[in-house]
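In what follows, a single structure is set out as structure tokens and then discussed.
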Amino acid sequence: MNNFIDYISSKAYTDDYLINLIYNLEKNFCNKLLDQDYKIDLSNKEKCDLMRFADILCRSSKDEHKNLSLRIVSLVYEFEELLEDKFIKLSIINVLTKLGNFPSINLMGIKDENTGIDEIDLDLIVKRVYNESPIKEIFTDEQLKIFNELQTNNHFSFSGSTSFGKSFIFEAFTKYLIDEHNQSDNIAFIVPTKALINQVSYKIRKLVKSYSYKVINSPEIPKVIKRQDGKYIFVFTPERLITYFLDTTNPKIDYLFVDEAHKLLSVKDTRTPLMYHALVMAKRKSINIFFASPNIPNPSVFLELVNNTPDESHAVKVESVSQNRFFVNCHTDSSYMISDYGKDILFPKLNFSGNIITDLGIILNTFSNGRQSIVYCNTIEKTILTAFEFAKTLEEVRDENIDKLIDIINEKVHEQYYLRYCLKKGIAYHFGGIPEEIKIKVEELYKLGVIKTIFLYFNSIRGSKFARKKHFYFK
């Protein structure tokens, strides 16, 4: 049966009619960006055919087929009038359920298993139970595969896209180890920079608040804590992990999680030798080491670095989000959508003025349409100043959550802090040097949707924290 499904999926994947349909759908999407009142220019037959193709492709075992089905339903989702069609809405839910993409299913407003279609409802019931993580959130199908591999291997390495949820899997596996091993393991997370120590520690403390675990950032465990019962979860940079290993009286670490493992391969990063040395020391101490990295094709390379079996690795190729890519040149006033299904789709001139901030406003208004946006800048100074200057073009917003955060800034930083002014306009900036308490609050307000636009220093933070939003790279 699977061979037959893969056969018809392969025929659908290369079908010229489908390729033309997707290209027309992309062109309609571009028109929608330029005119919010635009109605999709596809016949009822073409709409139904798109959903039938998506239904076939999502059942395939091949990653590229699944990704194309997600591409179709993601574009269709952008047209509110299509979601009013019961057949199309149920078709989207069916595809997302078959893909196990529960974060996207939640966007469809499905709170229970009562769509009226037995096949969909049964799939939803089974997957909500079978895919439940130890922290009670639902794994996607691909996340569940990785989690099962972590359970059955003493070492493992995997890679996935920025929005895949690598940190989420490590957190769920940490909870699993604590419960399954009756709080008997010491666990360590290694992070590439000091800026990430507090960020990771905050999430781990929330995870283990009902246990006797202590979350430790220093390689020297305070004596008062050492005398107490309980186990430890360490969050270290490579330097701190090395220092910890040098003290032979320190408790044994049982599991080590290496997120952002790709930094081990950076020839330009001066920390790379330290990271490698820390992992070699961990290997000599028979610590179970698990690696996670962005979407690279050969995650086995990290296992080979510490002489572990390279077979216990997996590169996740199934996408959890679908990206629409645009190229915008403010200097020549030329913009187009990059398409894989036909020629690049040109936009009319957007009338850029030559003023950086004004042009940024045009870009956000055109491509975000009032949704939340992320703007990446390539220096900290530019991150702050761009946010500050852009804030000047906006009206003040009234929100008690923002007011509370501004009060914290007034009390603990300075009333002239630029972030304070930005927050009044419903935007913020974010990088490693911001006080941790304030940074966490900014992240929370962004998740709540209170902050509409956030400016990030390109090298300072993992993008998954702010996934599923409009991203812009601004030099």
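Atoms considered below: every heavy atom in the structure, side chains included; atoms not considered: hydrogens, waters and symmetry mates.
Classification of Asp141 and Lys127 as a salt-bridged pair holds, one side-chain N sitting under 4.0 Å from a carboxylate O. The existence of a salt bridge linking Glu180 and Lys175 is excluded, since no basic side-chain nitrogen approaches an acidic carboxylate oxygen closer than 4.0 Å. With respect to the salt-bridge test (charged N to carboxylate O, under 4.0 angstrom), the residues Glu444 and Lys447 do not qualify. Between Glu78 and Arg371 there is a salt bridge, since at least one side-chain N of the basic residue sits less than 4.0 Å from a carboxylate O of the acidic one. Between Glu171 and Lys203, at least one side-chain N (NZ, or NE/NH1/NH2) sits under 4.0 Å from a carboxylate O, which counts as a salt bridge. A salt bridge links Lys98 and Asp123; the closest N-O separation between the charged side-chain nitrogens and carboxylate oxygens is under 4.0 Å.
Judged by distance alone, the side chains of His314 and Glu149 never bring a donor and an acceptor atom under 3.5 Å apart. Counted by atom type alone, Ser201 and Asn217 present one or more donor-acceptor pairs between their side chains at under 3.5 Å. For Asn355 and Ser353, the side-chain atoms include no donor-acceptor pair closer than 3.5 Å. There is no side-chain donor-acceptor pair under 3.5 Å between Thr140 and Ser320.
With a 6.0 Å radius and a threshold of 12 heavy atoms from other residues, nucleotides or ligands, Lys252 has its NZ atom above the threshold. Sparse packing is recorded around NZ of Lys317, with 12 or fewer heavy atoms of other residues, nucleotides or ligands lying under 6.0 Å away. When the shell of 6.0 Å around CD of Glu381 is examined, it contains 12 or fewer heavy atoms from other residues, nucleotides or ligands. Within a 6.0 Å sphere centred on CD of Gln36, heavy atoms belonging to other residues, nucleotides or ligands number more than 12. Summarising the local packing, CD of Glu220 is surrounded by 12 or fewer heavy atoms from other residues, nucleotides or ligands at distances under 6.0 Å. The number of heavy atoms from other shown groups lying within 6.0 Å of NZ (Lys441) does not exceed 12.
Expressed to the nearest 0.5 Å, how far CG of Leu177 lies from CG of Asp254 amounts to 9.0 Å. Note that CG of Leu423 is 11.0 Å distant from CG of Asn401, once rounded to the nearest 0.5 Å. To the nearest 0.5 Å, atom SG of residue Cys30 and atom CG of residue Asn324 are 8.0 Å apart. Atom CG of Asn378 and atom CG of Leu456 lie 13.0 Å apart (nearest 0.5 Å). Rounding to the nearest 0.5 angstrom, the gap separating the CG atom in Asn250 from the CD1 atom in Ile216 is 10.5 Å. With values rounded to the nearest 0.5 angstrom, Glu132 atom CD is found 9.5 Å from Phe139 atom CZ.
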**Message:** Test side chain to side chain donor-acceptor pair (under 3.5 Å) on Asn295 and Ser161; report intermediate values, then the result.
**Reply:** CA-CA 5 Å; Asn295 205 8; Ser161 62; 5.6 Å; no
**Asked** Passes side chain to side chain contact (heavy atoms under 4.5 Å, CB included), Ile135 versus Leu207? Steps please.
**Response** CA-CA 8 Å; Ile135 53 181; Leu207 182 70; 3.3 Å; yes
**Request:** May I have the step-by-step check of side chain to side chain contact (heavy atoms under 4.5 Å, CB included) for Arg420 and Asn410, ending in yes or no?
**Result:** CA-CA 8 Å; Arg420 177 181 179 274; Asn410 291 340; 2.7 Å; yes
**Request:** Show the numbers, then the answer: is there a side chain to side chain donor-acceptor pair (under 3.5 Å) between Ser212 and Gln183?
**Result:** CA-CA 8 Å; Ser212 60; Gln183 304 186 55; 3.2 Å; yes
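Looking only at side-chain heavy atoms (C-beta outward), Tyr232 and Pro251 come within less than 4.5 Å of each other. Annotation: side chain of Leu25 is in contact with side chain of Phe79 (closest heavy-atom distance under 4.5 Å). Proximity of Leu70 to Val95: side-chain heavy atoms (C-beta onward) are nowhere separated by under 4.5 Å. With a 4.5 Å cut-off on side-chain heavy atoms, Phe102 and Leu124 count as touching.
For Phe291 and Phe302, the ring centers sit closer than 6.0 Å to each other. A centroid separation of less than 6.0 Å is found between the aromatic rings of Tyr176 and Phe147. Annotation: Tyr336 is not in aromatic contact with Phe347 [ring centroid separation under 6.0 Å not met]. Centroid-to-centroid, the aromatic rings of Phe388 and Tyr421 come within less than 6.0 Å.
In this structure, Phe390 and Gly361 approach most closely via the heavy-atom pair CE1-CA, 3.8 Å.
Within the structure, the ring-ring contact (aromatic ring centres under 6.0 Å, His included) test picks out the following pairs touching residues 180-204 (sequence neighbours left out): Phe189-Phe257.
Ring pair Phe290/Phe173 is perpendicular by interplanar angle, where above 60° counts as perpendicular and below 30° as parallel. Under the 30°/60° scheme for interplanar angles, the aromatic rings of Tyr211 and Tyr213 are found to stand perpendicular.
In this view, Asn31 and Tyr38 satisfy the side-chain contact (heavy atoms from CB on, under 4.5 Å) rule, not counting sequence neighbours.
Of the residues listed (Val442, Ile427, Thr383), the one engaging Ile454 in a side chain to side chain contact (heavy atoms under 4.5 Å, CB included) is Val442, and it is the only one.
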